[in-house]
Amino acid sequence: MSSSTLQAEVFINQTNDGRASSGYLELVSSEDILIDAILADIHFEARGRIRGEKKTLTTFPIIVEPTLVKAHKETMLPFTFVLGDNPIQSYQGRNVSFSYTCEVTIQVHEDDFSKLGLSLLSSVKSFMTADRRLRTLKQFEIKDTDSSFKVREGMYDFSLKKNYGISVVLAFLLFLLYVLFVPEMNVAYLVLGIVVLIITTITTQGLMESSLGKIAMKLEHEGENFHCTITKTKKFTLKEPELFYEVIEKVTDRRGTKTSTSTETVYTSERKALTNFRKNAEFSFPYVNNPDLATMELDDVAIFWRMTITGTTSLGLKLKLTSEFPVVKESKFVDDKEALVTL
């Protein structure tokens with residue numbers, strides 16, 4: 001006599017603002033099978049170049065009393081679960097990913113388990129546990145499709161990135177002077193040269209920042225775009241100045257004995273020419289067409305937006321000024337925000 005077969009598959013329907021989700025478990029058997037209990041766990045998992053994290057967000061029963069799965073008939077067992085406010089959005093980045101899994105454990109009545117064989121759908125991960133229970137997994141995504149980007153309006157200051165080209169030039173000049181005037185090896189002169197190099201570099205950086213004055217930007221939300229106004233307190237010119245923004249993914253890897261940080265630019269906007277940089281400049285930028293890239297900071301993972309000004313001074317020095325700014329997601333419908341779960 002051939003053994004019975006059981007087919008099991010989990011479906012996730014939708015979630016409203018991440019607070020409650022619904023779905024159903026579909027069971028099909030070749031003959032009558034009595035199920036004693038079905039328990040479901042919702043797991044959140046972070047993977048990538050970080051310390052992996054997997055935690056159970058909620059556990060709930062799908063059935064509260066024994067249920068008979070009749071032969072050759074689809075048994076649909078609906079369920080709901082609560083994730084809480086503002087769940088982390090599913091994300092697949094360069095160095096990290098966030099995902100969700102629904103894990104269902106089926107306990108078959110002991111009289112029926114001995115005659116049960118497994119015939120599982122190819123799209124479902126299922127296996128038998130040590131205590132002779134059946135377990136099936138279903139991955140799903142949480143996507144907040146009813147929200148759009150909105151820049152945090154306000155004023156943001158630019159900061160001057162360190163120009164290591166100046167340090168290289170100064171180091172070369174000091175080395176040349178050392179070779180010409182100090183023919184023999186002298187540790188004291190080497191130490192003095194390093195100190196002079198550090199002090200000169202810091203002083204030069206400070207003088208450059210002082211000559212540029214305060215450079216800031218005012219950001220305003222305008223529908224599918226955001227408006228950027230560049231302001232400055234001193235008049236100066238740059239050769240071929242450009243303005244653009246980037247979305248950066250930053251991941252800190254604390255595995256092992258050393259800590260390392262991976263920074264990836266996942267999006268770069270169109271570069272705007274600052275042709276009128278002598279005066280305050282105004283530009284409009286479209287938001288990135290990727291709903292996963294809102295500003296985020298979670299343990300060792302961060303996503304941030306950064307505005308950048310590049311140009312060359314009259315002395316041929318390349319300058320780079322940057323300013324980070326937050327961009328959040330806001331409901332398109334104030335009274336009816338909805339986050340969908342995509343299978």
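Computed from a prediction, not measured in an experiment: that's the story for all the values here. All residue numbers in this chain count up from 1 along the given sequence. Heavy atoms only: backbone and side chains are in, while hydrogens, waters and symmetry mates are out.
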Note, Leu27 side chain near Ile38 side chain (heavy atom, < 4.5 Å)
yes
Sequence neighbours excluded, which residues qualify as salt bridge (Lys or Arg N to Asp or Glu O under 4.0 Å) partners of Lys258?
none
Val327 with Phe304, same ILVMFWY side-chain cluster at under 4.5 Å
no
For the aromatic rings, using the six-membered ring if either is Trp, is the centroid distance between Tyr245 and Phe226 under 6.0 Å?
yes
Centre of Phe285's six-membered ring, under 6.0 Å away, within 45 degrees of the axis: is that where NZ or CZ of Lys272 sits?
yes
Would you check if the distance from the ring center of Phe149 to the ring center of Trp305 is below 6.0 Å?
yes
Connected via hydrophobic side-chain network under 4.5 Å: Ile63 and Phe60
yes
Tell me, with the steps shown, if Glu53 and Lys55 meet salt bridge (Lys or Arg N to Asp or Glu O under 4.0 Å).
CA-CA 7 Å; Glu53 177 187 9; Lys55 58 183 179 181; 3.7 Å; yes
Quick one: does His72's side chain have a donor or acceptor within less than 3.5 Å of a partner on Ser30's backbone?
yes
With hydrophobic residues grouped by side-chain heavy-atom distances under 4.5 Å, do Val28 and Leu25 end up in a single group?
no
Should the pair Lys214-Asp157 be classified as a salt bridge under the 4.0 Å nitrogen-to-oxygen rule?
yes
Donor-acceptor pair, side chain of Lys329 and main chain of Pro291, under 3.5 angstrom
yes
Taking Asp41 for its side chain and Thr59 for its backbone only, find out whether a donor-acceptor pair lies under 3.5 Å.
no
Could you go through Arg94 and Glu249, starting from their C-alpha distance and side-chain angles, then the distance that decides it, and tell me whether this counts as salt bridge (Lys or Arg N to Asp or Glu O under 4.0 Å)?
CA-CA 8 Å; Arg94 303 282 179 85; Glu249 177 193 274; over 6 Å; no
Would Glu246 and Arg306 pass as an ion pair if we require N to O under 4.0 Å?
yes
For Tyr24 together with Phe79, are the ring centres under 6.0 Å from each other?
no
Quick one: does any side-chain atom of Asp32 pair with a main-chain N or O of Ala71 as donor and acceptor, under 3.5 Å?
yes
If Ile, Leu, Val, Met, Phe, Trp and Tyr residues are connected whenever their side-chain heavy atoms lie under 4.5 Å apart, and connections chain through other members, are Phe244 and Ile248 in the same group?
no
Taking it one step at a time, do Phe98 and Leu298 satisfy side chain to side chain contact (heavy atoms under 4.5 Å, CB included)?
CA-CA 11 Å; Phe98 301 140; Leu298 175 69; 3.9 Å; yes
Does Glu31 offer a backbone N or O that forms a donor-acceptor pair with the side chain of Ser29 under 3.5 Å?
yes
Side-chain (Thr261) to main-chain (Thr259) donor-acceptor, under 3.5 angstrom
no
Give a yes or no on whether the backbone of Ile142 and the side-chain of Ser90 come within a donor-acceptor separation of less than 3.5 Å.
yes
Are any non-hydrogen side-chain atoms of Phe325 and Arg152 less than 4.5 angstrom apart?
no
Note: Leu134 and Val108 closest approach over all heavy atoms is CD1-CG2, 4.0 Å
Please tell me whether Ser97 and Arg47 have a donor and an acceptor in their side chains that are separated by less than 3.5 angstrom.
no
Does atom CD of Glu153 have more than 12 heavy-atom neighbours, drawn from other residues, nucleotides or ligands, at distances under 6.0 Å?
yes
Tell me whether Val151 shares a hydrophobic cluster with Met296, the cluster being built from Ile, Leu, Val, Met, Phe, Trp, Tyr side chains joined at under 4.5 Å.
yes
Test side chain to side chain contact (heavy atoms under 4.5 Å, CB included) applied to Thr308 and Leu321, step by step:
CA-CA 6 Å; Thr308 301; Leu321 301 105; over 6 Å; no
Does either side chain, that of Glu222 or that of Ser284, offer a donor lying less than 3.5 Å from an acceptor on the other one?
yes
